[in-house]
Amino acid sequence: MDNEILKKVAKLGVLARKQGVTKLDFNRLLTDGAYANQLLSHLESFDDEDCCCYV
């Protein structure tokens, strides 16, 4: 896997924990588009300036 993708996924995990998302399935995040979209939509709803890591 690309190091840039790994960095973005790790940062996303940190941001998710900041928003109270404690159970994040990283494998599913990378393989299930619907799950990824749902999670990203949820995190975007917090309008955190640091949430640009998944762009």
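Looking only at side-chain heavy atoms (C-beta outward), Ile5 and Val9 come within less than 4.5 Å of each other. Counting only heavy atoms from C-beta outward, the side chains of Thr22 and Arg17 never approach each other to under 4.5 Å.
Note that CG of Leu12 and CG of Leu39 are 5.5 Å apart. Values are rounded to the nearest 0.5 Å. Taking NZ of Lys8 as the start and CG of Asp2 as the end, the distance is 8.5 Å to the nearest 0.5 Å. Expressed to the nearest 0.5 Å, how far CZ of Phe26 lies from OG1 of Thr31 amounts to 13.0 Å.
Across Lys23 and Tyr35, no two heavy atoms sit closer than the pair O-OH, 4.1 Å. Of all heavy-atom pairs spanning Ala36 and Leu29, the tightest one is CB-O, 3.5 Å.
Scored by the side-chain hydrogen bond (donor to acceptor under 3.5 Å, both in side chains) test, Asp25 finds no partners at all (sequence neighbours excluded).
Distance alone, capped at 3.5 Å, places no donor-acceptor pair between the Ser41 side chain and the Gln38 backbone.
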